[in-house]
Amino acid sequence: MTSAAGGEAPLWQPQPERVEAAAVTRFQRWAAEHHGAPADGGYAALHRWSVDALDTFWKAVADWFDVRFFTPYETVIGDRAMPGAQWFPGATLNYAEHALRTADDPLRADAPALLYVDETHTQAAVSWSELRRQVASLAAELRALGVTPGDRVSGYLPNIPQAVVAFLATAAVGGVWTSCAPDFGARSVLDRFQQVEPVVLFTVDGYRYGGKEHDRTDTVAELRRELPTLRAVVHIPLLGTDAPEGALQWSDLTASGTEPVFEQVPFDHPLWVLYSSGTTGLPKAIVQSQGGILLEHLKQIGLHCDLGPDDRFFWYTSTGWMMWNFLVSGLLTGTTVVLYDGSPGHPDVGAQWRVAEQTGATLFGTSAAYVMACRKAGVHPARDHDLSRVQCVATTGSPLPPDGFRWLHDEFHESGADLWIASVSGGTDVCSCFAGAVPTLPVHIGELQAPCLGTDLQSWDPAGKPLTGEVGELVVTAPMPSMPVRFWNDPDGRRYHDSYFDMYPGVWRHGDWITLTDRGSVVIHGRSDSTLNRQGVRMGSADIYEAVERLPEIRESLVIGLEEPDGGYWMPLFVHLAEGATLDDRLRDSIKRTIRENLSPRHVPDEVIEVPGIPHTLTGKRIEVPVKRLLQGTALAKAVNPGSIDNLELLHFYEELARERR
């Protein structure tokens with residue numbers, strides 16, 4: 001449930017020296033001197049200024065981070081309307097040029113830009129100068145292949161250094177990057193790549209996961225057949241196989257010692273295409289701009305995450321999730337980026353902590369689900385590993401339950417560490433955070449610290465009235481530079497408009513339930529389109545999961561609220577049991593009692609139903625709305641895009657249950 005803003009002590013309070021050293025403190029002091037920001041009032045005053053003086057704030061960000069505009073901008077924001085706000089019209093720049101600036105520093109050129117670790121925990125480093133050389137070589141080869149600004153370049157790649165090089169080389173020539181992880185099957189990849197018609201495909205022969213090698217040569221062959229726009233395929237022999245006929249060798253394209261050439265493109269020129277989870281219909285192909293991402297990520301990584309040249313940034317992710325793109329942007333602040341390719345739980349649940357130890361990570365990002373899995377498995381990260389360099393553990397993907405906050409704090413506190421826990425929330429749609437990490441603010445259990453700078457985050461009721469201390473719709477009432485410039489193949493912009501602006505014209509509605517507390521913190525309750533509304537009391541599904549999954553017998557759960565034709569409301573709770581557990585009357589009673597006592601008697605499920613597993617999107621999110629549609633009688637083919645689901649067989653259970661209920 002919502003953590004009420006009151007007088008309880010925070011879980012964590014930054015030490016004065018940490019506040020003083022934080023980049024956001026130095027930025028505020030400088031912005032007060034040069035741009036009229038408030039010198040006093042701390043983060044709350046800075047945030048208020050950042051949304052009230054939006055133009056001046058983003059000019060200050062560009063100045064503070066020394067953004068290199070090849071041609072100057074006419075104004076910071078032209079048309080402010082959403083959708084369609086115009087950022088820095090007239091300006092040209094290049095994202096990759098900024099990502100590689102550290103290589104120009106002779107004192108840092110030989111320092112690691114990338115640290116790469118695989119499941120064998122063998123570590124390889126790529127220096128700034130070497131990264132710059134490889135990007136320059138590959139960019140020249142892409143130009144030789146005829147890649148011009150605006151052409152799409154695709155990667156079917158795991159989280160390896162070659163993926164970073166390919167992306168940066170694409171950005172250097174003004175191409176548009178798009179990627180999928182190799183655990184995506186051919187249909188899922190084609191649902192994405194066919195929309196954008198790539199001219200080059202970077203691919204591996206396979207990947208390693210869970211201690212096994214997974215061959216992908218047949219899938220690659222299918223992609224080549226089904227993507228007729230391809231002019232070239234580049235083979236990366238991760239498993240050591242020879243390049244298939246007609247494919248180019250990665251090593252041949254990255255061998256030269258040429259100087260990089262960075263295409264100077266308009267601020268709103270496409271940088272990459274990301275994809276929504278695609279649970280119904282084709283995934284939305286979300287286009288974000290070179291300049292918009294550059295500024296948003298400089299702000300987010302440099303100020304909110306407080307990362308700079310002395311840091312090492314590790315976030316467990318794959319190339320199919322926006323967090324990979326966010327992670328790579330760590331290069332913008334001169335930070336060493338840690339890439340891990342493999343299973344998060346191999347050879348055991350503690351694997352990610354070993355990577356953090358081995359690489360000297362200062363910020364370790366993971367999922368709330370991983371934190372809770374470690375807690376349940378009895379992992380002791382700070383006792384069993386030297387995590388003395390870890391300053392912050394950040395989580396996203398779903399709300400971090402209160403027990404997750406307590407567990408992380410207690411585990412590190414026992415070792416004497418002063419751990420900053422940052423639960424953050426944003427979306428693929430902006431490739432950033434709406435709320436989350438602020439190094440100068442306290443952390444309260446179950447809460448995100450604050451809305452992010454330049455983000456006019458509000459909670460609204462259905463009539464568009466702002467709320468404080470009550471659950472409402474997450475809205476953003478002013479434009480952000482990383483909002484999509486458009487969707488691909490959406491010529492009139494209708495799909496883009498209908499995705500975010502249909503409920504409140506001119507205001508971004510994200511589709512999450514949130515509470516803004518009276519102390520300025522944020523509580524995320526889950527997706528608003530799958531929110532449970534019983535007798536007028538709304539609750540996010542995340543609240544149910546947090547309570548139920550404390551029980552050792554429950555591996556995972558899924559709750560659905562169904563409005564029935566007769567005006568009734570059926571709320572089943574589906575549970576995937578831990579090995580050896582049995583769903584008997586005792587466990588059913590325990591589940592219902594847990595929800596009644598910890599959450600709300602109105603949200604005790606009508607039925608508790610055992611299922612063989614909980615279905616997820618390919619990026620690991622529980623799929624609530626498609627299951628709801630199945631239970632309402634929608635045919636499987638219309639309720640869900642099969643290529644977006646991790647295990648389609650699991651959906652047949654819900655399909656059959658819907659038939660039985662009819």
Side-chain angles (χ1 to χ4, degrees), residues 62 65-73 88 90-106 108-110 113-114 126-155 157 161-179 198-202 230-234 236 248-273 287-295 297-298 325 328-334 337:
F65 287 105
D66 191 24
V67 170
R68 181 181 181 274
F69 294 102
F70 185 76
T71 52
Y73 52 91
F88 293 87
T92 60
L93 44 62
N94 188 277
Y95 171 98
E97 183 175 8
H98 290 80
L100 293 169
R101 281 196 293 193
T102 299
D104 297 329
D105 180 352
R108 303 224 38 232
D110 294 330
L114 306 174
V126 180
S127 70
W128 286 98
S129 58
E130 176 62 12
L131 178 62
R132 183 177 184 271
R133 187 199 63 75
Q134 289 189 32
V135 169
S137 177
L138 184 57
E141 295 289 350
L142 288 175
R143 287 188 174 96
L145 290 168
V147 177
T148 58
D151 284 346
R152 279 75 62 207
V153 175
S154 54
L157 301 170
Q162 292 93 327
V164 178
V165 173
F167 156 57
L168 291 176
T170 300
V173 305
V176 184
W177 175 256
T178 190
S179 61
V199 298
V200 177
L201 172 66
F202 289 91
L230 290 178
R231 295 183 213 144
V233 175
V234 181
I236 299 168
L248 303 171
Q249 284 279 15
W250 171 266
S251 56
D252 293 341
L253 303 187
T254 54
S256 75
T258 184
E259 283 296 303
V261 177
F262 299 106
E263 189 76 24
Q264 302 299 318
V265 296
F267 189 93
D268 64 356
H269 184 82
L271 174 63
W272 56 45
V273 177
V287 184
Q288 287 152 349
S289 69
Q290 287 229 12
I293 289 294
L294 173 64
L295 258 73
H297 284 185
L298 281 169
N325 305 67
V328 173
S329 281
L331 299 172
L332 296 172
T333 58
V337 168

| Side-chain (Thr170) to main-chain (Val176) donor-acceptor, under 3.5 angstrom | no
| task | For the residue pair Phe167 and Trp177, categorise the inter-ring angle as parallel (less than 30°), tilted (30 to 60°) or perpendicular (more than 60°). | result | tilted
| request: Calculate, to the nearest 0.5 Å, the distance between atoms OG and CG belonging to Ser289 and Leu294 respectively. | output: 9.0 Å
| Minimum heavy-atom distance between Val200 and Val234, given as atom pair plus value | CG1-CG2, 4.3 Å
| Do Arg108 and Arg101 have side-chain heavy atoms sitting under 4.5 Å apart? | no
| remark: Of all heavy-atom pairs linking Ala99 and Leu168, the shortest is CB-CD2, 3.9 Å
| said: Donor-acceptor pair, distance only, cut-off 3.5 Å: does the side chain of His297 make one with the backbone of Leu332? | reply: no
| request: Check for a donor-acceptor pair, side chain of Arg152 on one end and backbone N or O of Gly150 on the other, with a separation under 3.5 Å. | output: yes
| request: Please confirm whether the backbone N or O of Ala171 pairs with a side-chain atom of Gln290, one donor and one acceptor, at under 3.5 Å? | output: yes
| query | Is there a side-chain contact between Phe262 and Pro260, using heavy atoms and a 4.5 Å cut-off? | reply | yes
| field | Exercise: do Ser129 and Ser127 side chains pair donor with acceptor under 3.5 Å | value | yes
| Which heavy atom in Ala91 sits nearest to a heavy atom in Phe69, and how many Å separate them? | CB-CD2, 3.5 Å
| Sub-4.5 Å side-chain heavy-atom contact between Pro270 and Gln288 | no
| For Leu298, does its backbone N or O pair with a side-chain atom of Thr333 as donor and acceptor, under 3.5 Å? | no
| Between Ser137 (side chain) and Leu253 (backbone), is there a donor-acceptor pair under 3.5 Å? | yes
| remark: Heavy-atom nearest pair, Val265 first then Gly174, reads CG1-CA, 4.1 Å
| task | Before accepting this row, confirm whether a basic side-chain N of the pair Arg132/Glu259 lies closer than 4.0 Å to the acidic partner's carboxylate O. | result | yes
| task | Apply side chain to side chain contact (heavy atoms under 4.5 Å, CB included) to the pair Ile293 and Trp272, showing each step before the final yes or no. | result | CA-CA 10 Å; Ile293 289 294; Trp272 56 45; 3.6 Å; yes
| Heavy-atom donor-acceptor pair, His98 side chain to Val67 backbone, under 3.5 Å | no
| remark: When rounded to the nearest 0.5 Å, the distance separating CD1 of Ile236 from CG of Leu248 is 11.5 Å
| message | Working note: Leu114 + Leu131, criterion side chain to side chain contact (heavy atoms under 4.5 Å, CB included); need CA distance, chi angles, decisive distance, verdict. | response | CA-CA 8 Å; Leu114 306 174; Leu131 178 62; 4.1 Å; yes
| note | Rounded to the nearest 0.5 Å, the OG1 atom of Thr102 sits from the CH2 atom of Trp128 at a distance of 4.0 Å
| CZ/Phe267 to CG/Leu93 distance, rounded to the nearest 0.5 angstrom? | 6.5 Å
| said: Tell me the closest heavy-atom pair linking Val261 and Arg143, and the distance in Å. | reply: O-NH2, 3.0 Å
| request: Give a yes or no on whether the backbone of Trp250 and the side-chain of Thr254 come within a donor-acceptor separation of less than 3.5 Å. | output: yes
| remark: Of all heavy-atom pairs linking Val135 and Leu100, the shortest is CG1-CD1, 3.8 Å
| query | Would Thr92 and Thr71 satisfy side-chain hydrogen bond (donor to acceptor under 3.5 Å, both in side chains), going step by step from the backbone distance to the final call? | reply | CA-CA 5 Å; Thr92 60; Thr71 52; 2.7 Å; yes
| said: Looking only at side-chain N and O atoms, does Gln162 offer a donor or acceptor that is under 3.5 Å from a partner on Gln134? | reply: no
| query | Is a donor on one side and an acceptor on the other found under 3.5 Å between the side chain of Asn94 and the backbone of Glu263? | reply | yes
| Is the side chain of Arg231 donor-acceptor paired with the backbone N or O of Gly146 at a distance under 3.5 Å, no angle test? | yes
| task | For the residue pair Asp151 and Thr148, confirm or rule out a side-chain donor-acceptor distance under 3.5 Å. | result | yes
